[in-house]
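Just follow the structure's listing: the first ligand is 1, and inside any ligand the first atom is 1.
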Amino acid sequence: MKKITFILPAFNEEENIEKLYDSIVGEFNTIDYIYEILLVNDGSSDGTLEKIREIAIHDKQVKYVSFSRNFGKEAAIYAGLQNSTGDAVILMDSDLQHPASLVKEMINGYEQGYHQVVACRNRKGESKLHRLLTGAFYRSVNKLSEVQLENGAGDFRLLSRKAVDSLLQLSENNRFSKGLYEWIGLSKKTFSYENVERQYGESKWSFSDLFSYALDGVLSFNTKPLRLCLYMGVFILFCGLMYIATTFVGIIAEGIKVPGYFTTISAVLLLGGVQLLSLGIIGEYIGRIYNEAKHRPHYIVEESNMVSPSKFVPRVVSSKDVEEIFRKNAFAYSTKEDQR
Ligand code: UDP
Ligand code: MG
């Protein structure tokens with residue numbers, strides 16, 4: 001029988017974990033697949049880990065990985081993908097905003113041979129300002145980058161094993177999953193569902209998080225903003241040369257007049273602004289190169305009920321190194337229960 005792995009990133013979701021688990025297991029009464037539930041505790045400070053441990057004790061199909069601190073949802077998804085063993089995986093939020101009742105439809109798509117089956121939400125219940133900003137975000141990313149994103153299509157999706165393995169080949173640290181799903185391509189089926197509002201706990205996204213996420217979206221998939229700096233530079237240089245030429249002709253024809261304060265100050269401000277903007281854009285790219293160059297692991301695991309050592313070591317090591325590291329640190333990968 002085929003296996004579906006559910007990847008559930010959780011950061012302070014103690015009120016939701018059990019309900020989520022029940023809703024997934026409930027669906028499998030009528031689905032002819034085995035499930036594996038892989039919970040990734042992303043450094044929660046509430047009782048999320050305790051809830052996860054309780055569920056894992058009673059159900060051997062439940063696996064978990066608990067991070068040493070909050071590494072972010074993208075790292076949690078990456079850990080889930082690395083440790084999944086199913087023929088297909090379903091990525092789902094742990095806050096009950098992704099209804100388990102849609103799992104059947106996803107599996108139907110998988111059986112039809114699609115590598116990605118995406119549940120796309122509408123924007124019901126969101127404020128007008130939020131909708132306006134998200135609309136602008138999608139338009140600008142799609143205009144600027146090589147991947148085309150669909151408004152509302154997020155992480156709630158089924159991925160075939162081939163899609164998971166393809167995503168794992170993209171091992172960059174600064175992950176913008178929405179773009180990565182599009183980048184790998186593969187056949188895709190999309191269906192829509194009514195947005196569900198969060199009932200317990202609160203969203204972890206502040207306005208500044210959303211802003212830096214949007215910036216990631218624009219910068220992760222293209223170098224067009226750098227080219228924009230070049231175009232701006234060329235345009236301003238052209239205007240400057242024109243100004244110099246006309247002023248010079250004026251001086252030759254009419255002699256030197258009192259120099260205009262306004263033109264000088266506008267030129268200085270304009271050039272200063274464009275230079276700072278360009279430097280800022282270049283800086284953003286350099287920052288990303290710096291982060292990638294460090295080759296840090298995406299996350300550190302503090303506790304897990306899986307013994308899957310090769311998945312927990314940094315990716316830039318040979319298989320011989322893997323064995324050696326595991327031999328030396330075998331205790332680090334066992335669960336806390338085992339260590340007692
Ligand atoms: N999440 C996570 N790490 C984080 C932030 C969020 O694992 O640093 C998880 C969170 O527990 C939830 C999912 O990612 O399962 C979506 O988070 P949230 O509901 O805050 O985002 P929203 O639905 O508002 O986009
Ligand atoms: Mg949510």
Side-chain angles (χ1 to χ4, degrees), residues 5-24 37-52 55 62-84 89-100 102-103 118-127 129-131 133-135 137-138 149-157 173-179 181 193-214 216-217 298-304:
T5 302
F6 285 83
I7 296 176
L8 311 170
F11 176 48
N12 295 343
E13 304 284 4
E14 61 180 353
E15 300 106 322
N16 297 317
I17 291 290
E18 271 166 341
K19 294 184 188 74
L20 175 69
Y21 168 75
D22 291 341
S23 70
I24 293 175
I37 294 179
L38 181 42
L39 283 149
V40 185
N41 174 38
D42 185 13
S44 302
S45 53
D46 65 354
T48 302
L49 182 57
E50 284 71 32
K51 293 268 185 230
I52 292 176
I55 298 171
V62 175
K63 306 279 188 292
Y64 71 90
V65 169
S66 181
F67 289 174
S68 57
R69 64 166 174 86
N70 179 251
F71 280 88
K73 185 183 174 187
E74 296 286 353
I77 290 178
Y78 191 67
L81 293 175
Q82 280 188 317
N83 292 288
S84 64
V89 312
I90 293 182
L91 300 174
M92 224 168 158
D93 282 359
S94 308
D95 56 2
L96 304 172
Q97 285 190 288
H98 293 166
L102 300 178
V103 164
V118 188
C120 190
R121 70 185 166 120
N122 63 19
R123 297 263 165 207
K124 192 184 141 233
E126 285 181 2
S127 71
L129 177 70
H130 194 273
R131 272 194 242 188
L133 289 176
T134 11
F137 163 67
Y138 281 101
L149 308 182
E150 200 171 330
N151 193 345
D155 293 315
F156 189 21
R157 62 181 67 213
N173 269 52
N174 210 317
R175 297 182 78 75
F176 180 70
S177 282
K178 272 186 190 169
Y181 302 135
Y193 72 99
E194 189 97 325
N195 190 26
V196 181
E197 284 181 57
R198 203 185 236 276
Q199 289 186 17
Y200 308 95
E202 52 191 41
S203 172
K204 278 81 193 178
W205 292 85
S206 64
F207 185 77
S208 71
D209 288 339
L210 285 172
F211 184 75
S212 71
Y213 187 68
D216 274 342
H298 294 75
Y299 54 86
I300 300 290
V301 175
E302 184 165 358
E303 180 184 328
S304 169

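- For the pair Ala76 and ligand 1, the shortest N or O to N or O distance does not fall below 3.5 Å.
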(request) Carefully, step by step, assess Ile300 and Phe71 under the rule side chain to side chain contact (heavy atoms under 4.5 Å, CB included). (result) CA-CA 8 Å; Ile300 300 290; Phe71 280 88; 4.0 Å; yes

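- Taking all heavy atoms of Asp93, Ile77, Leu39, Thr48 into account, the minimum distance to atom 16 (C) of ligand 1 is reached by Asp93.
- If you look at Ser94 next to ligand 1, the close heavy atoms, those under 4.0 Å, come from the backbone and the side chain alike.
- Within Asp95, the N, O or S atom at minimum distance from the Mg ion (ligand 2) carries the name OD2.
- Of all the atoms in ligand 1, the ones that sit under 4.0 Å from a non-hydrogen atom of Asp42 are 2 (C), 3 (N), 4 (C), 7 (O), 8 (O).
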(request) Apply the test side chain to side chain contact (heavy atoms under 4.5 Å, CB included) to residues His98 and Tyr193: give CA-CA distance (whole Å), side-chain angles for both, the deciding distance (0.1 Å), then the verdict. (result) CA-CA 9 Å; His98 293 166; Tyr193 72 99; 3.4 Å; yes

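- Of the protein's non-hydrogen atoms, Pro9 O, 3.8 Å is the one closest to atom 9 (C) of ligand 1.
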(request) Any chance you could lay out the side chain to side chain donor-acceptor pair (under 3.5 Å) test for Thr48 and Glu13, step after step, and finish with the verdict? (result) CA-CA 6 Å; Thr48 302; Glu13 304 284 4; over 6 Å; no

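- In this structure, Gly80 and Leu38 approach most closely via the heavy-atom pair O-CD2, 3.4 Å.
- If you check the side chains of Tyr138 and Glu150, you find no donor sitting under 3.5 Å from an acceptor.
- In this structure, the side chains of Phe156 and Arg121 stay at 4.5 Å or more apart for every pair of heavy atoms.
- Closest protein heavy atom to atom 14 (O) of ligand 1: Lys73 CD, 3.2 Å.
- Atom 19 (O) of ligand 1 has Asp95 OD2, 2.6 Å as its closest protein atom, hydrogens excluded (heavy atom only).
- Contact between Glu194 and Asn122 at its shortest, heavy atoms only, is OE1-ND2, 3.0 Å.
- Contact atoms of ligand 1 toward Glu13: 10 (C), 11 (O), 12 (C), 15 (O) (distance under 4.0 Å to a heavy atom of the residue).
- The shortest contact between atom 17 (O) of ligand 1 and any protein heavy atom is with Trp205 NE1, 4.1 Å.
- Ligand 1 places these atoms under 4.0 Å from at least one heavy atom of Asn70: 3 (N), 4 (C), 8 (O).
- Protein heavy atom nearest atom 24 (O) of ligand 1, with residue, atom name and distance: Ser203 OG, 2.6 Å.
- A cation-pi arrangement is absent between Arg69 and Phe67, since the terminal nitrogen or guanidinium carbon is not both under 6.0 Å from the aromatic centre and inside a 45° cone about the axis.
- A side-chain N or O of Gln82 and one of Tyr299 form a donor-acceptor pair less than 3.5 Å apart.
- In terms of protein heavy-atom proximity, atom 1 (N) of ligand 1 is closest to Phe11 CB, 3.8 Å.
- Heavy-atom proximity to Gln97, at under 4.0 Å, picks out these atoms of ligand 1: 19 (O), 23 (O).
- Tyr181 pairs in a side-chain contact (heavy atoms from CB on, under 4.5 Å) with only one of the listed residues (Leu149, Leu91, Val118), which is Leu91.
- Of the protein's heavy atoms, Lys204 N, 2.7 Å lies nearest to atom 20 (O) of ligand 1.
- Among all non-hydrogen protein atoms, the one lying nearest atom 18 (P) of ligand 1 is Arg198 NH2, 3.6 Å.
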